[in-house]
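A short write-up of the structure that comes next.
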Amino acid sequence: MNSLLSARDLTISFGPVHALRGVGLDLRAGEIQALCGENGAGKSTLIKVLMGIYQPDKGVVEVDGVAQRIASPQHAQEMGFALVAQELSLAPQLSVLDNIWLGDRSVPMFHRRKALREKARRALETLQVQIDLDAKVNDLTMGQRQLVEIARMIARDARVLILDEPTATLSDVEIEHLFQVLRKLRAQGHAILYVTHRLGEVFEICDTVTVMRNGAHISTGPVSEVSREQLVETMLGRSFSDMYPERLPGPGSTGLSVSGLCIDGSFENVSFDAPRGKILCLAGQIGSGAGHVIRAIGGLAPLTSGRMLLDGRPLTGSARGSTIAFISEDRAKEGLFDRSVLENLVAGQWQDHARLGMISWTSARRRAAELAASVGIDGRRLATNAFNFSGGNQQKILFARAAGGKTPGVILMNEPTRGVDIGARSEIYRLMRDLCTRGYCLVMMSTDLEEVVGIADIVVPMYRGAVVAHYEGEEIDISRILLDITHPRTAGEVPRETVGP
Amino acid sequence: MKPSVLSDMSVPVTPAPGRFTWMTDRIDFVDGLRIAVFAALAIGAVLTPGFLSVPSLLSLLTTLSFVGCVAVGMTMITLSGNIMSFSLGATAAAAAVAFVHVLNAWGLAAGIAAALVTGALISAAQGLIIGSLRANPIIVSIASLALIYGVLNLLTGNATLDVETGSVLSPAWRRPFGIPIEALAFLLCLFIGQCLLSFTVFGRRVFLIGSGMRSADVLGLRVWRSVTAVYAWAGVFAAMAGILLATRYNQANMEYGIGYDYDAIAAVLVGGVAIKGGIGSMWRTLAGVCLMATVQVVLLLHGFRQEWQYLIAGLIVLLVVVLQARRRS
Amino acid sequence: MKIISQKTRPYLILAATILVLAIVDRGRGNVLSGATVFSALQYLATLGPVALGLSLTMLVREYDLSVAGVFGLAGCVAVLVGADYPALGFAAAMLTGAASGFIQGLIITRLQMPSIGVTLGGLLTAIGLAYVITGNQTLSSDNIDLALALNARVAGLFTPRSIIALALAVAFAMALYWLWIGRDLIAIGSDRRAAHTAGVRVDALMVAVFTTSGVLAALSGALLSYSLASASPSGLSDVLVPATAAAILGGVSLSGGTGTPLGVTAGVLMLGVLRAGLNALGAPPFAHDMSMGAVLLAVAILDAPGIRAFFGRFQMTGNRAEDQTVRAR
């Protein structure tokens with residue numbers, strides 16, 4: 001069987017970051033190949049190169065044995081490549097039929113609706129899914145939307161299907177259905193590249209598995225010849241460096257305590273105790289609901305039910321901004337202001353530097369200098385715009401602000417080191433430990449397992465909206481946690497008909 | 001695809017933190033352009049026959065003061081990220097009517113108070129809708145414009161309301177120290193506005209909201225309160241313009257203030273306040289007001305009729321808006 | 001509010017308006033008369049194309065402020081150029097509108113700017129040009145025959161102008177329904193990023209939308225001026241308030257992605273009926289401004305993003321994808 005798609009030596013860098021280093025790939029017709037790797041391994045970048053979104057600095061891509069230069073997404077589509085990304089490219093206000101043919105240049109102006117409708121109907125039939133062609137995409141569940149995207153690919157005669165974390169937000173039933181569809185497509189001769197964190201699915205549906213790490217291709221081989229433990233080991237690579245400061249002994253005092261937290265369609269029955277002086281981390285992949293839990297505690301998403309206590313007393317709405325600080329994963333839109341570092345540091349606390357409504361700039365500047373020093377930002381750069389700093393420094397600004405209150409409270413973090421380089425990461429971890437010593441209660445969420453295992457005192461893995469386990473101190477083991485967040489079924493999990501969106 | 005905000009932006013010249021941090025905001029190369037244009041304009045103006053005459057300059061000062069007060073209010077709205085308001089001119093007219101009406105009945109002090117309150121309330125109502133419901137600020141202001149004129153029409157029947165005592169101010173008061181009182185009032189508004197921005201917690205919040213509304217939400221700042229206050233103050237400054245107009249002509253008419261919004265936003269943008277919000281200061285507005293007024297007078301003196309003002313203003317706004325875009329791309 | 005679906009809402013509102021006015025009229029026959037229908041259709045003749053063009057820009061989640069200016073400018077151009085050859089004047093007016101829309105569209109897409117700033121510049125420039133070419137006076141045309149022809153009654157209720165407006169509405173409705181352009185525009189409005197990824201030519205379509213908006217506004221302005229045999233620069237409230245209100249009433253939202261030309265037509269008719277009905281009931285002139293302003297304010301409030309929070313639904317977390325994952329069940 002010849003390769004449908006063959007890539008060699010793909011290399012691309014974004015500034016100092018080497019996203020891909022000489023990566024090769026082979027996709028055959030009638031094959032489902034898994035692409036695995038940790039966060040930052042380069043999977044997304046590889047896909048984007050294949051789909052013409054990025055142009056590689058070096059390397060060659062061969063389609064049907066002929067070297068090609070994939071210049072744009074349209075070009076990729078013309079060659080028969082199709083991508084179902086985590087962010088779907090469906091227009092919510094249009095119908096299923098319209099979305100299937102959206103953007104197809106070969107559709108004539110006065111589109112012959114009958115012919116198009118027929119083709120779309122047949123595509124849906126292949127997928128064995130009952131979706132009304134005229135239903136608005138807005139009204140469909142996530143699972144159905146994904147199937148519509150796949151239907152779009154089939155209707156447009158795509159040969160290579162790339163699926164990026166397709167099951168992240170699907171229910172069990174929907175996942176089963178998807179697998180049936182994929183098997184059918186494989187039998188029909190399509191080549192499928194299946195990117196996933198969920199190792200169980202790799203063994204269930206895939207023929208070969210490719211592992212990437214740090215932008216490089218590590219291994220490729222048949223699924224039948226590898227065990228789950230071996231896969232995990234290959235994905236993790238060398239043991240983590242000592243960029244994580246030492247944990248402190250001791251139980252910690254009463255801090256944040258949540259029970260029965262639930263948001264319909266996102267997560268349910270989440271309970272944990274986060275003592276002051278300790279770092280509690282929710283571990284989970286996309287679709288686990290961990291990020292939403294943190295947002296809910298921070299008051300940014302309304303809870304359907306649940307209780308939260310801080311130091312034994314119920315949390316009030318006004319706590320947000322004073323006792324509870326939230327650091328979002330999207331610091332550009334939900335954290336920083338397009339102004340100087342000084343203003344970012346003092347934001348929300350100006351009333352502390354004012355008497356009778358008039359500000360004292362000396363007081364504010366002094367405070368800003370203190371805060372900047374506490375996180376290692378040069379005090380001479382207070383007037384520089386926050387967006388001119390590196391990702392690591394931006395995150396430090398947010399930390400300084402979060403810890404700027406009078407009494408230590410709760411700091412909530414979603415992906416605290418996203419977009420932060422290695423050097424700054426260790427500084428942030430040290431910062432977090434320091435905050436612990438001062439009596440703060442740190443609750444975070446991360447998809448980076450190395451980080452979770454390295455920094456957290458308590459780990460609470462989540463999978464598809466449910467808490468799977470609870471580990472403290474010595475119990476924390478990276479392989480165990482990886483299995484928890486990727487395993488399809490655990491003893492305590494309640495199988496759901498329609499989880500989620 | 002839009003470039004990410006975190007990618008390299010042209011690094012602006014930043015002032016060292018010191019005593020003057022509160023006065024300056026970012027300065028970049030477009031400002032250099034501005035200064036060059038301003039200088040050229042100043043030279044052109046001075047060289048124009050008739051410009052440097054005292055009556056000409058005084059008349060210039062008076063004219064720009066009316067729009068200037070409105071521009072101060074407009075600046076606050078723009079800084080808060082709400083782009084502009086089309087109803088400030090109408091608010092000025094409403095305040096003028098209220099001023100004369102109450103002045104006739106209860107005297108000067110009451111008249112001023114009534115006018116300021118009128119302006120504040122009319123504008124604050126809009127601010128409340130915009131701040132709490134996040135309704136589109138442009139649409140709300142356009143709707144308010146129509147409503148205000150409707151109500152004014154109802155109340156005054158487009159008739160002119162005269163000041164009963166004949167004149168609001170005695171001649172001595174019209175030019176204290178030889179400077180038109182309108183100009184002094186404008187400078188007072190400017191000063192108050194800048195103090196609000198630099199020295200009050202409210203002012204800091206305006207900048208925060210303008211430069212990152214979602215971040216402000218996430219941080220727990222009560223955005224709706226600040227937005228309502230911004231609009232209330234804008235209404236106060238617009239009311240000031242109305243009081244000045246009524247004082248100057250000793251009468252009030254609902255047709256006052258027509259076109260002031262355009263002049264005001266043009267001045268604000270020309271001075272360098274960013275249309276997306278979060279960047280700017282009253283000094284920029286002052287520069288913009290002076291620049292636009294100078295352009296107008298120079299054009300007049302060179303024989304261009306008044307009609308050219310709108311066109312020039314429009315082209316200048318387009319140019320400024322386009323130049324501001326370069327910061328991001 | 002799923003009781004009244006988005007699609008039928010405009011027609012229901014139209015029916016409701018007629019009903020309310022009829023009730024107020026207490027059966028005196030002033031409202032439900034041929035005169036009212038005629039008047040409403042004439043209103044459609046003037047506002048219809050403008051509202052149509054504006055709604056197209058709103059469909060893609062933008063807003064064209066300049067239609068108000070182009071409307072007036074086109075009328076002035078038509079009368080000026082078409083003194084001897086009306087057809088030439090008409091062509092010149094349409095060209096003006098097209099150029100205005102095209103240039104603004106290019107600036108918006110090339111520089112990736114929000115449309116508000118650019119169309120503000122366009123508005124001011126258009127108004128300015130109108131003032132300049134008319135010398136701030138009302139132009140009058142000698143072409144009375146043309147005026148009479150445009151106002152001639154057809155089948156008792158229509159005139160050539162209203163027929164043109166209706167024809168345009170139907171043409172656009174068919175085009176957007178049958179051609180792929182309709183789908184693409186909705187896609188751009190409902191999720192621009194997704195549309196781009198799916199292969200929709202976002203930039204080209206955006207330029208086309210703004211050009212169309214300019215042309216439609218120009219067409220309307222030119223025809224109106226010909227029918228009145230006079231032209232003058234128009235005001236903001238005259239055009240933008242009703243056009244925006246009509247669009248939102250017609251199912252178009254400022255957040256983009258919804259609305260149909262026929263719905264917008266129903267919206268314009270509703271405003272026309274309101275206006276004619278108020279006239280028939282003997283309401284004074286200011287009632288027009290007030291009612292239009294009130295209607296626009298009401299729909300702006302109901303269309304506001306925060307209104308859902310007000311009614312107990314959850315508040316936006318800001319991240320659109322996240323919102324969708326949490327909301328759908």
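Model, not experiment: these values are computed from the prediction. Per chain, numbering begins at 1; letters A, B, ... match sequence-line order.
- Atom-to-atom distance recorded for B/I148:CD1 and C/M290:CE is 11.5 Å, nearest 0.5 angstrom.
- Contact annotation for C/I133: neither backbone nor side-chain heavy atoms come within less than 4.5 Å of a heavy atom of chain B.
- Interface residue C/L297: backbone and side-chain heavy atoms are both found under 4.5 Å from chain B.
- When all heavy atoms of C/A300 and B/A135 are compared, the closest pair comes out as O-CB, 3.9 Å.
- Looking at every heavy atom in both residues, B/R134 comes nearest to C/P305 through O-CD, 3.1 Å.
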Between C/L65 and B/F86, is a side-chain contact (heavy atoms from CB on, under 4.5 Å) present by the stated rule, with each step listed?
CA-CA 12 Å; C/L65 268 174; B/F86 280 104; 4.0 Å; yes
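- Scanning residues 258-267 of chain B against chain C with a 4.5 Å non-hydrogen threshold yields B/Y262, B/I265, sorted by number.
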Where do B/L147 and C/D289 land on the side-chain contact (heavy atoms from CB on, under 4.5 Å) test, with the steps shown first?
CA-CA 6 Å; B/L147 270 173; C/D289 279 338; over 6 Å; no
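- Each of C/L254, C/T244, C/V299 has some count of heavy-atom pairs under 4.5 Å with chain B, and the biggest count is that of C/L254.
- What you find for B/A146 and C/G293 is that their closest heavy atoms are CB-CA, 3.8 Å.
- Close approach to chain B, defined as a heavy atom under 4.5 Å from one of its heavy atoms, is seen in C/L124, C/T125, C/I127, C/G128, C/L129, C/Y131, C/V132 of residues 124-132 of chain C, taken by number.
- Few gaps surround NE2 on C/H288; more than 12 heavy atoms of other groups in view lie less than 6.0 Å from it.
- Contact of B/I129 with chain C is made through the side chain alone, with heavy-atom distances under 4.5 Å.
- For B/I83, the part lying under 4.5 angstrom from a heavy atom of chain C is the side chain only.
- Among B/A143, B/S144, B/A313, the residue making the largest number of heavy-atom pairs under 4.5 Å with chain C is B/A143.
- Counting heavy atoms from C-beta on, the side chains of B/L269 and C/L120 come closer than 4.5 Å.
- Put simply, the side chain of C/Y63 does not reach to within 4.5 Å of the side chain of B/N136, judged on heavy atoms.
- Annotation: the span from C/T119 atom OG1 to B/I138 atom CD1 amounts to 8.0 Å, rounded to 0.5 Å.
- Taking all atoms of both residues into account, the shortest heavy-atom contact from C/G117 to B/I275 is CA-CD1, 3.5 Å.
- Counting heavy-atom pairs closer than 4.5 Å to chain B, the top residue among C/A298, C/G135, C/P233, C/G69 is C/G135.
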